[in-house]
Amino acid sequence: MEIIVLGVSSSISLYKACEIIRGFQEKKFQVQVIMTKNATRLISPLLFSSLSGKKVLVDPFEEEYSEKIAHVTLAKEASLLLVAPATANIIGKFASGVADDFLSTFYMAAECPKLIAPAMNEVMYLHKQTQQNIQKLQAAGVKFVEPERGYLACEDEGWGRLAAPEKIIKESLSLLVKSKSLKGKTVLVTAGPTREFLDPVRFLTNRSSGKMGYELAEEALRRGAEVILISGPTHIFPPPGAKFRKIQTAQEMEKEVGKNFARADIVLMAAAVSDFRFARISSQKTKKDKLGEKIEIIPTSDILEKLSRKKGKKFLVGFAAETEKVVKNALMKMQKKNLDLVVANNVSGEEIGFESDFNQVSLITPEGETIHTEKKSKLEISRIILDKIEEILG
Ligand code: CTP
């Protein structure tokens with residue numbers, strides 16, 4: 001049975017941790033609770049040990065554990081560390097590398113995925129320091145379940161209420177590694193838009209946020225693949241563990257993809273590469289009266305089409321962003337670019353596709369099999385895509 005470690009810190013909402021423990025147990029996980037000392041002042045550890053069937057850990061210097069170096073042993077066994085509720089204090093400790101109790105020591109020793117569900121007063125949550133700490137942890141690959149708006153223990157209304165236990169459980173389960181099914185494979189992912197410059201100030205781009213590509217890269221990492229992520233400008237932190245290459249123009253993307261293509265077994269071309277670039281690029285900002293009435297643009301090269309000519313045994317996946325005739329257009333792209341799978345989506349709606357955390361896609365194989373997904377988070381969509389690829393690869 002896999003072990004989920006649940007860190008509980010001193011927020012009034014810690015009673016909700018009981019529901020979270022139950023939720024994990026229903027899904028057949030063992031739960032090991034670690035409490036901070038202050039949390040034990042709010043509620044007895046006995047409550048959580050009774051529920052989890054395991055003695056709650058608080059102090060690494062307790063005689064019983066010190067011999068086994070329990071935080072290290074447990075760190076090797078744990079499949080996930082969830083901290084719910086997480087106070088501003090424990091988030092601050094994680095962010096600055098303070099390891100002075102069981103939970104903060106365990107945080108540093110554990111290499112498993114980590115998820116934090118903050119709960120605190122709104123002013124504390126929105127405090128610059130807390131937000132900086134959260135960003136720092138996100139940059140290190142830690143995931144967060146955002147708190148909700150509602151009544152807080154301090155009788156204020158605002159942001160800072162612990163997210164609903166069902167939501168926390170769902171996010172936790174989505175982070176668990178099912179298997180190292182892509183171990184030994186190299187996955188090349190492109191993501192985000194490109195920028196085609198007219199001069200140092202002006203450029204041509206598109207609405208891609210890069211979210212779909214980054215989720216794919218992260219999911220491939222979780223499945224044990226070596227991941228190369230080549231990305232246009234985005235606001236997302238690259239997943240730790242990926243070999244990350246930042247580019248701006250379609251030409252730079254082509255060059256970087258070219259350098260890494262030979263190593264790849266699977267290529268996921270999720271980037272929205274600009275189809276055109278300016279014919280003349282100026283190194284100085286051009287005065288508008290010098291530009292004339294029309295500016296010449298010329299096609300960029302189609303990276304995926306070029307790759308398909310030296311495809312060999314590589315598995316090539318194209319992404320087709322369409323606003324109409326989604327499947328028909330995607331099928332044409334599949335044939336033209338000799339693809340093994342096309343992920344097509346309709347980007348005309350505001351709720352899915354570009355800039356959204358959600359997507360609804362159709363997966364199309366060369367055999368004509370078409371799978372339509374429902375609207376799902378991009379994480380879930382990335383799983384469906386990789387599951388399909390693994391199924392085809394056998
Ligand atoms: N692509 C590429 N190089 C380009 C344009 C697109 O490699 N210059 C890739 C994209 O990364 C995507 C696939 O080709 O995986 C389809 O991209 P899309 O923009 O939907 O289609 P296009 O082939 O550019 O056709 P159109 O814009 O006419 O729909």
Side-chain angles (χ1 to χ4, degrees), residues 187-197 203-217 220 227-234 245-261 264 266-279 297-311 314-349 352-356 359-366 370 378 381-382 384-386 388-389:
V187 178
L188 170 61
V189 186
T190 68
T194 63
R195 283 180 179 172
E196 309 305 327
F197 287 90
F203 55 79
L204 193 66
T205 190
N206 58 62
R207 288 179 58 199
S208 168
S209 63
K211 284 178 189 164
M212 195 62 246
Y214 280 60
E215 288 292 1
L216 281 162
V227 175
I228 306 161
L229 174 60
I230 302 171
S231 172
T234 70
R245 296 288 177 266
K246 208 167 179 173
I247 55 89
Q248 295 223 63
T249 66
Q251 270 177 316
E252 285 165 8
M253 178 162 281
E254 185 177 5
K255 203 169 146 202
E256 210 45 65
V257 170
K259 273 195 228 161
N260 290 285
F261 185 66
I266 299 168
V267 179
L268 305 169
M269 198 71 194
V273 186
S274 176
D275 292 322
F276 296 96
R277 66 180 179 86
F278 291 104
I297 55 169
I298 54 173
T300 55
S301 51
D302 192 317
I303 305 171
L304 195 51
E305 195 181 345
K306 275 193 178 170
L307 294 180
S308 70
R309 290 186 214 135
K310 45 179 179 176
K311 178 176 179 303
K314 296 179 198 303
F315 194 97
L316 291 194
V317 184
F319 288 73
E322 309 290 346
T323 53
E324 57 173 359
K325 298 183 195 140
V326 178
V327 175
K328 190 172 166 229
N329 285 331
L331 272 168
M332 278 162 58
K333 283 176 191 173
M334 159 127 54
Q335 277 151 15
K336 189 173 160 211
K337 305 189 189 192
N338 190 18
L339 303 174
D340 298 290
L341 187 69
V342 175
V343 181
N345 67 337
N346 192 329
V347 288
S348 55
I352 52 167
F354 287 136
E355 292 154 18
S356 164
N359 213 345
Q360 184 168 14
V361 301
S362 303
L363 303 189
I364 304 157
T365 68
T370 305
K378 286 186 174 170
I381 297 287
S382 74
I384 294 172
I385 295 170
L386 287 175
K388 187 70 201 166
I389 295 171

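Counting starts at 1 for both ligands and their atoms, in listed order.
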I need the contact residues for ligand 1: any residue with a non-hydrogen atom closer than 4.0 Å to the ligand, ordered by chain then number. M269, A271, V273, S274, D275, T300, S301, D302, I303, L304, G318, F319, A320, A321, K333, K337
The single option from S382, S209, S231 that satisfies side-chain hydrogen bond (donor to acceptor under 3.5 Å, both in side chains) with Y214 is S231
Applying ring-ring contact (aromatic ring centres under 6.0 Å, His included), name anything that partners F197, two or more places apart in sequence or on another chain. F203
Between E252 and K255, is the salt bridge (Lys or Arg N to Asp or Glu O under 4.0 Å) condition met? List the steps. CA-CA 5 Å; E252 285 165 8; K255 203 169 146 202; over 6 Å; no
T300-E196 side chain donor-acceptor pair, cut-off 3.5 Å: no
Show every donor-acceptor pair shorter than 3.5 Å between a side-chain atom in residues 324-333 and any protein atom, with sequence neighbours excluded, or say none if there are none.
residue : atom : partner : partner atom : Å
N329    : ND2  : E322    : OE1          : 3.3
N329    : ND2  : E324    : O            : 3.0
N329    : ND2  : K325    : O            : 3.3
K333    : NZ   : E322    : OE2          : 2.5

With sequence neighbours excluded, what pairs up with E215 under the side-chain hydrogen bond (donor to acceptor under 3.5 Å, both in side chains) test? none
